[in-house]
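Have a look at the structure below before the remarks.
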2 protein chains.
Amino acid sequence: MSRKNTREAIVEMADRLFYEHGYEHSSFADIGDAVGISRGNFYYHFRTKDEILEAVIGRRLEQTAALLAQWNQESPAPRERIARFIEILITNQAKIMRHGCPVGTLCGELAKLDHPFLPMANQLFSLFRDWLSRQFVALGRADADVLAMHLLVRSQGVAVLANAFRDEAFVRREVRMACDWLDGELSREPVKIQASATSPTV
Amino acid sequence: MSRKNTREAIVEMADRLFYEHGYEHSSFADIGDAVGISRGNFYYHFRTKDEILEAVIGRRLEQTAALLAQWNQESPAPRERIARFIEILITNQAKIMRHGCPVGTLCGELAKLDHPFLPMANQLFSLFRDWLSRQFVALGRADADVLAMHLLVRSQGVAVLANAFRDEAFVRREVRMACDWLDGELSREPVKIQASATSPTV
DNA sequence: GTCTATATGTAGATAGAC
DNA sequence: GTCTATCTACATATAGAC
């Protein structure tokens with residue numbers, strides 16, 4: 001390898017292959033061949049497959065945090081920031097139609113495998129959830145987390161169905177509907193959440 | 001096996017294991033052990049793993065069609081029928097929180113594997129889509145398919161996030177929000193869909 | 001129809017030369 | 001750091017006895 005950092009090259013390729021073909025379906029041979037190294041060399045950098053998965057999730061967590069920080073910088077207004085989240089469905093449309101959402105599909109696969117790194121992968125969702133929630137808080141919403149989760153619901157649902165039906169017009173339409181929903185919500189007065197139960201014993 | 005039909009027992013167990021642990025992660029040994037037959041006997045009934053997958057998808061297609069027919073019988077009003085679709089998120093809540101939506105996770109996995117039976121699995125989505133669309137048509141909506149797809153978006157998004165966060169209150173709340181959305185939609189006048197493009201050359 | 005035994009391929013993982 | 005050779009485990013799949 002002429003690369004300065006083989007380890008980085010492995011993680012980058014594993015990240016891509018895990019997304020495109022799934023974690024379980026991506027073998028050491030697949031990753032090694034794609035990077036251009038032997039399996040033996042592979043094991044010099046990672047002793048187990050779980051180690052690679054951990055590195056990939058760590059990388060995604062870093063990149064997601066960086067993306068959100070970038071959105072914070074580029075869009076001062078919370079309303080615009082939320083819109084950028086919704087629009088990633090358009091920005092990454094081609095990949096989402098082919099492979100689904102990188103976060104949703106990884107968490108789904110690890111849940112099926114009952115994998116110990118599932119909680120770590122779920123932190124990817126939490127990054128978006130908490131960031132969205134902060135934007136709604138900044139807009140004075142008491143039900144910020146409810147709205148944040150609802151936007152996650154819409155984006156995940158669109159990703160799943162975009163992957164199944166591969167219909168660009170559908171994605172654009174749902175993005176428009178989500179933006180309309182956002183406008184509608186933000187034109188209301190802030191609403192207090194009702195307590196979920198009155199009995200203290202439950 | 002004391003069962004009358006071993007083949008049926010295999011398909012039934014494979015259906016369950018594919019749902020709980022994924023298609024690729026469920027081996028012949030797993031299925032055979034769970035049913036209580038040897039691997040040799042297994043191959044008497046199914047020559048390849050794809051054959052079992054085909055049988056499982058076929059079974060799900062039949063059961064889904066039967067479920068929709070049952071809803072048609074039990075609920076004459078389209079509005080109530082649509083509500084029943086939304087409420088499967090509550091009915092199957094425990095399973096969805098553990099393993100996600102059976103349809104969404106199967107289609108997602110087969111998409112990753114680029115599996116030839118992906119189109120067949122996607123028909124599961126189409127069954128719900130078309131059925132929902134017919135209900136909205138019965139309610140006089142010109143944009144019936146748009147509304148049907150939107151309900152699929154919501155249910156798939158809730159399933160993905162219920163699987164990740166395992167939060168019952170979240171599921172109940174989103175179901176309520178979906179019902180509210182439905183009420184809001186059905187209290188409007190029917191809306192014509194705009195043509196997606198004016199140019200006939202595109 | 002069901003079983004045991006076995007063939008064959010491929011996965012993850014290791015040892016040791018260079 | 002990188003390679004080749006190798007090991008072990010397990011997956012799909014087959015053959016043939018009962």
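Each chain gets a letter, A, B and so on, in the order its sequence line appears, and its residues count up from 1.
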- Message: We want to know whether A:Ser27 and A:Asp30 form a side-chain donor-acceptor pair, criterion being a heavy-atom distance below 3.5 angstrom.
- Response: yes
- Task: For the residue pair B:Phe46 and B:Phe42, categorise the inter-ring angle as parallel (less than 30°), tilted (30 to 60°) or perpendicular (more than 60°).
- Result: tilted
- Query: Rounding to a whole Å, what distance do you find between B:Glu51:CD and D:dA13:C1'?
  - Reply: 12 Å
- Task: Assign B:Phe28 to base, sugar-phosphate, or nothing according to its heavy-atom contacts below 4.0 angstrom with the strands shown.
- Result: sugar-phosphate
- Task: Compare side-chain N and O positions of A:Thr6 against OP1 and OP2 of D:dT2 and report whether any pair is under 4.0 Å apart.
- Result: yes
- Task: Taking only the side-chain nitrogens and oxygens of B:Asn41, find out if one of them lies under 4.0 Å from OP1 or OP2 of C:dG1.
- Result: no
- Message: Distance check needed: C:dA11 P versus A:Asp30 CG, whole Å only.
- Response: 7 Å
- Message: Just the rounded figure in Å: distance from C1' of D:dT2 to CZ of A:Arg39.
- Response: 14 Å
- Task: Would you mind classifying the nucleic acid contact of A:Ser27 as base, sugar-phosphate or nothing, using non-hydrogen atoms under 4.0 angstrom?
- Result: sugar-phosphate
- Quick one: do B:Arg16 and B:Glu20 make a salt bridge, cutoff under 4.0 Å? yes
- Message: So, OP1 or OP2 of C:dT2: does either fall under 4.0 Å of a side-chain N or O from B:His45?
- Response: yes
- Are OP1 or OP2 of C:dG1 and a side-chain N or O of B:Tyr44 less than 4.0 angstrom apart? yes
- Message: Please verify the inter-ring angle class for A:Phe136 with A:Trp181; under 30° counts as parallel, over 60° as perpendicular, anything in between as tilted.
- Response: perpendicular
